[in-house]
Structures are given as C-alpha cells and as structure tokens.
Asker: 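My questions will all concern the structure given below.
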2 protein chains.
Amino acid sequence: MNNVQEESLRDQKKNRRRLQILEIARRIIATKGLRSLKVRDVAEAAGCSVGSVYNEFGDFDGVILTVNRETVQALTARLRGVPADDPVRQLYGLAATYLEFFAEHANLLRSLFEHRMEDDRPYPDDILQMVMDAFALMHPPLVRLLPNADDVKIALLSRTLFSAVHGIISLGLEERMVAVPPQMLRQQVEQFVDTHLTGLGILPLR
Amino acid sequence: MNNVQEESLRDQKKNRRRLQILEIARRIIATKGLRSLKVRDVAEAAGCSVGSVYNEFGDFDGVILTVNRETVQALTARLRGVPADDPVRQLYGLAATYLEFFAEHANLLRSLFEHRMEDDRPYPDDILQMVMDAFALMHPPLVRLLPNADDVKIALLSRTLFSAVHGIISLGLEERMVAVPPQMLRQQVEQFVDTHLTGLGILPLR
DNA sequence: ATTCTTCTTGAACATTGTTCATTTTCAAGC
DNA sequence: GCTTGAAAATGAACAATGTTCAAGAAGAAT
C-alpha cells in the first residue's frame with residue numbers, strides 16, 4: 001500500500017522554514033559560538049517572527065539540540081567513511097578524522113559537548129546514544145586486533161580510547177589554552193595512538 | 001621595613017563581603033550548575049545589592065572567573081599532595097586524584113573547562129597558565145622514568161597524557177552520557193595509564 | 001464561497017545582566 | 001566631636017534576551 005502522502009503547501013513552507021532556521025542557527029554557532037546565538041537574530045535572518053521559532057522547536061534549547069543532533073550525525077558519517085581495510089590504519093584514521101572534523105567545526109562540537117540544559121532537565125537520550133555510538137566505532141577494528149579478548153572489555157576499551165583522543169583534541173584545539181599548532185597536534189594524536197597500541201601489544205615495542 | 005598596613009574597617013567589610021560572594025557563587029555552581037547562577041540570587045544570599053557584586057567584580061563573568069581560578073588552585077594543591085616517592089605510583093596517583101577531585105566537584109570543573117566569554121573576549125591568561133601548569137605535573141615523574149628523552153618531548157607527553165585522562169574522566173562522569181559507575185571508571189583510568197606506560201616501555205608487556 | 005483548522009505574527013511579559021545618580025559610610029583633619 | 005571629602009553601597013531604571021498568547025492571516029475542507 002502506498003502511504004506517500006503528497007505534501008501540502010503548508011507542510012512545504014513549514015519544512016523550508018525549519019531547515020532555514022537550523023541552517024542559520026548552525027552558521028551563527030559555528031562562526032560566533034553558542035553564546036552568541038540569539039532568538040531574535042535567528043528569526044530575523046530566517047525572515048520570520050520569534051513566535052515561529054518557538055512554534056517549530058518548542059523552546060530555544062530545541063533549536064540548539066537539533067543542531068547538535070545534526071552535528072553528531074555528520075560526525076558519524078565522516079567517521080564511517082574511514083577505510084576498514086587494515087584495522088590499525090583504521091584506528092589511526094578514526095583519530096585523524098576526528099581531529100580534522102573537530103578542527104573544521106570546533107564551535108559546533110563544543111556546542112555538542114558543553115551545552116547544558118536549563119534547571120536540571122536531562123539531555124535528550126537519543127543524542128547521548130548517538131555520541132556513544134560514534135565513540136564505539138573503534139570497536140570493530142579492536143575486535144579484529146584482539147580476537148581473544150572479552151567483547152565487553154573491548155567495548156569499554158573503545159570508549160576509553162576514543163574519550164582519550166577526544167580529550168587531547170578538545171584541549172589541544174582550545175584556542176583559549178596556549179593553542180597547540182594544528183600540525184603538531186596531528187603528530188601528537190598519532191604518537192598517542194601509536195604508544196597505546198604498543199601498550200596493548202598490537203604494535204611492537206620500539 | 002614594615003609594610004604591614006593595618007586593615008581599615010572599610011577594607012575588612014570589603015574583604016568579608018568579597019569572600020562571601022565567592023562562597024555563595026561557588027556553592028550555587030557546585031550544586032545547581034553554572035547555568036543556574038544568577039546575580040540576584042548571589043546578591044540576596046550575600047545580603048548585599050547587585051551593585052555591590054558589580055562593584056567588586058566588574059561584571060558577572062568576573063565572579064565566575066574568580067571561582068574558576070580558585071578551583072584550579074584547589075585542584076593543583078590536591079595534585080601536589082600526591083607522593084613523589086615512586087614515579088610510576090606518582091603517575092597513577094595523579095590520575096586517581098584527578099578523578100577523585102573531578103567526581104567531588106564535577107560542576108566546578110565543568111565551569112572551569114566549559115565557560116565561554118561573551119563576544120570573543122579572551123579567557124584570562126593566568127587561569128589558562130594555571131591549568132597548563134597543573135597538567136604539567138606529570139612532567140617530573142616522566143623525566144625520572146625516561147631519563148634519555150628530550151625534555152620538550154616529555155613536556156608534550158605530560159600534557160597529552162593528562163589531557164587524555166581528562167577526556168576519559170570528564171566524559172565518564174558526564175551523567176548525561178550513560179553514566180559510567182564510579183568504581184568502574186577508576187579501574188578504567190588505571191587500566192588506561194597502565195597500557196600507556198607499557199607502550200612507553202616503562203612497564204613490561206604482559 | 002464559506003467555514004474550519006492551523007499557522008504566523010509581534011506586542012507584551014518575564015527573566016536576568018548592567019548602569020548610575022543618590023545616599024550612606026567611613027576616615028582624616030580640625 | 002564635628003566637618004568634610006572620598007569611597008562604597010544601594011536599588012531603581014535600563015538593556016538584552018527568552019517566552020507567551022490573543023488576534024489575525026493563510027491554507028484546507030466542504
């Protein structure tokens with residue numbers, strides 16, 4: 001049976017507007033940081049009233065969370081593009097790709113990791129799950145490299161290793177903190193993964 | 001010569017008030033998070049007007065930054081208390097102590113690492129420097145363990161390793177993100193340091 | 001064409017950071 | 001102790017920004 005509902009004119013406009021609001025919000029976050037994102041700026045740039053933003057996203061956090069959701073989706077897509085031919089190269093590739101993506105979209109990533117909800121409302125579960133899933137992308141290559149290890153242990157190792165890389169990169173790119181030159185950071189991450197794989201017995205000691 | 005100026009009544013009150021404002025701001029951040037910190041709440045709890053807060057700290061960021069400054073000072077003091085008898089134990093101790101401190105003061109640490117300035121004003125240099133100094137506390141034990149290595153390389157390694165530990169802990173304690181049980185996190189950090197020291201050739205492969 | 005539903009609007013409101021003219025407080029000089 | 005001048009405290013007013021909602025506009029249904 002055919003459930004394809006033809007889209008009404010109303011829905012078309014609604015969708016177009018929704019996309020435009022998100023595009024503008026993302027651009028502002030990316031260029032000027034989350035703290036510079038203002039409802040009125042978004043509404044004006046999108047050519048609609050502030051009420052429409054609320055009508056579409058419930059509250060302003062809704063806009064931010066939707067941008068964050070799309071950020072982690074884009075990140076995951078990029079990470080999935082890393083070749084899976086050789087597991088060791090794949091691990092290096094995941095770290096290097098994360099660095100690239102973070103460097104390109106630093107403010108968007110900060111929005112994803114640093115945004116806090118008002119009061120104590122919980123962060124949406126689906127976003128958290130997507131982040132964890134992205135961090136689990138080191139799992140398959142690690143399984144191939146450590147075929148005798150417990151699968152639960154590998155899952156934990158994957159999260160740990162990716163979290164460590166995240167820490168190195170997010171602090172390294174923090175222009176607030178004595179900016180590490182990008183080229184040096186790349187080397188730094190590579191060296192780190194290298195040493196850790198050596199410690200796991202995957203690479204030979206040098 | 002004796003420069004000890006006896007403190008005027010005026011200065012006494014000023015200092016007392018300053019301390020009280022900071023104490024209250026810290027308590028609010030620690031218990032309800034940075035986003036719940038409001039000038040009026042602080043002023044009321046400190047028994048003074050909002051103007052006095054501004055008079056003392058310039059703007060509201062000034063209050064936050066002062067709390068953050070004291071947080072990194074307290075952190076550094078705790079890290080300096082780690083015994084330096086055995087360098088390997090010292091490294092484990094630094095990681096474990098960071099975990100402890102982070103777990104006890106999660107919201108204060110998040111304020112330190114996640115607070116962004118309005119517009120694009122730069123984060124105060126002295127705070128950044130203090131954070132880097134704290135992260136450099138792994139330098140001395142690493143020098144002892146790798147006596148033949150280049151000192152600049154060790155400095156970088158110290159920052160890398162501490163940043164990695166920071167990433168594991170800050171994401172692990174993120175109750176937003178599928179909370180890792182604290183006991184497990186401790187093990188996780190220990191295992192991580194273990195593997196990395198093995199990769200550096202400091203510990204034997206197992 | 002008419003009616004009904006839904007969406008849009010933007011002025012009004014609520015919250016919160018910031019300023020500043022006025023008042024108060026304190027210390028110094030007489 | 002009183003006077004006076006400087007410094008600080010006050011809080012009402014202002015500014016910036018998130019949020020709501022009654023009224024109107026736009027599209028869908030008949």
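Residue numbers start from 1 in every chain, and the chains themselves are labelled A, B, ... in the order their sequence lines are given, proteins ahead of strands.
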Asker: Say you draw a straight line from CG of A:Leu34 to CD1 of A:Ile64; how long is it, rounded to the nearest 0.5 Å?
Answerer: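 With rounding to 0.5 Å, CG (A:Leu34) is 5.0 Å from CD1 (A:Ile64).
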Asker: Are there over 12 heavy-atom neighbours, none belonging to A:Glu118, within less than 6.0 Å of that residue's CD?
Answerer: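 Yes, the 6.0 Å shell around CD holds more than 12 heavy atoms from other groups.
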Asker: Any idea which of C:dT25, D:dT19, C:dT18 is nearest the B:Lys13 side chain?
Answerer: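 Nearest to the side-chain atoms of B:Lys13, counting from C-beta on, is C:dT25.
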Asker: Are A:Ser52 and C:dT9 close enough that a side-chain N or O sits under 4.0 Å from OP1 or OP2?
Answerer: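 For C:dT9, OP1 or OP2 has a side-chain N or O of A:Ser52 closer than 4.0 Å.
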Asker: Please determine if a side-chain N or O atom of A:Ser49 lies less than 4.0 Å away from the OP1 or OP2 oxygen of C:dT9.
Answerer: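 For C:dT9, OP1/OP2 do have a side-chain N/O of A:Ser49 under 4.0 Å.
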Asker: Starting at CZ of B:Arg35 and ending at P of C:dT15, how long is that distance when rounded to a whole Å?
Answerer: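 To the nearest whole Å, that distance equals 15 Å.
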Asker: Return the value, rounded to whole Å, for the distance between atom CZ of B:Arg16 and atom P of D:dA9.
Answerer: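 Nearest whole value for this atom pair: 12 Å.
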Asker: Do B:Asp59 and B:Arg121 meet the salt-bridge criterion of a basic N to acidic O distance under 4.0 Å?
Answerer: yes
Asker: Any luck finding a side-chain donor-acceptor pair between A:Thr195 and A:Gln191 under 3.5 Å?
Answerer: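 Checked: A:Thr195/A:Gln191 side chains pair up, N/O donor to acceptor below 3.5 Å.
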Asker: Find which nucleotide of DNA chain D each of A:Gly51 and A:Lys38 is nearest to by heavy atoms, and output the residue with the more 5' nucleotide.
Answerer: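 Going by which nucleotide is closer to the 5' end, it is A:Lys38.
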Asker: Base, sugar-phosphate alone, or nothing: which one does B:Arg17 contact when heavy atoms must sit under 4.0 Å apart?
Answerer: sugar-phosphate
Asker: Separation of A:Ile28 atom CD1 from D:dT17 atom C1', in whole Å?
Answerer: 14 Å
Asker: Could you say whether A:Gly58 or B:Asn55 is positioned toward the 5' end of DNA chain D, judged by the nucleotide with the nearest heavy atom to each?
Answerer: B:Asn55
Asker: A:Glu118 CD to C:dT16 P: how many Å, rounded?
Answerer: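 It is 7 Å, rounded to the nearest whole Å.
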Asker: Rounded to whole Å, how long is the line connecting atom CZ of A:Arg40 with atom P of C:dA12?
Answerer: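 It works out to 13 Å between those atoms.
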Asker: Checking contacts here: which listed nucleotide (D:dG18, C:dT9, D:dA9) is nearest the side-chain heavy atoms of A:Phe60?
Answerer: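 Side chain of A:Phe60 sits closest to D:dG18.
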Asker: Looking at A:Arg17 and A:Glu56, is there a salt bridge between them, counting it only when a charged N and a carboxylate O are closer than 4.0 Å?
Answerer: no
Asker: Rounding to an integer number of Å, can you tell me how far B:Asp59 CG sits from D:dA16 C1'?
Answerer: 15 Å
Asker: Between C:dT6 atom P and A:Lys14 atom NZ, what is the distance in whole Å?
Answerer: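 Taking NZ of A:Lys14 and P of C:dT6, I get 11 Å after rounding.
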Asker: What is the distance, to the nearest angstrom, from the CG atom on B:Asp41 to the P atom on C:dT16?
Answerer: 7 Å
Asker: Among D:dG18, C:dT19, D:dT10, find the nucleotide with the atom closest to the side chain of B:Tyr54.
Answerer: C:dT19
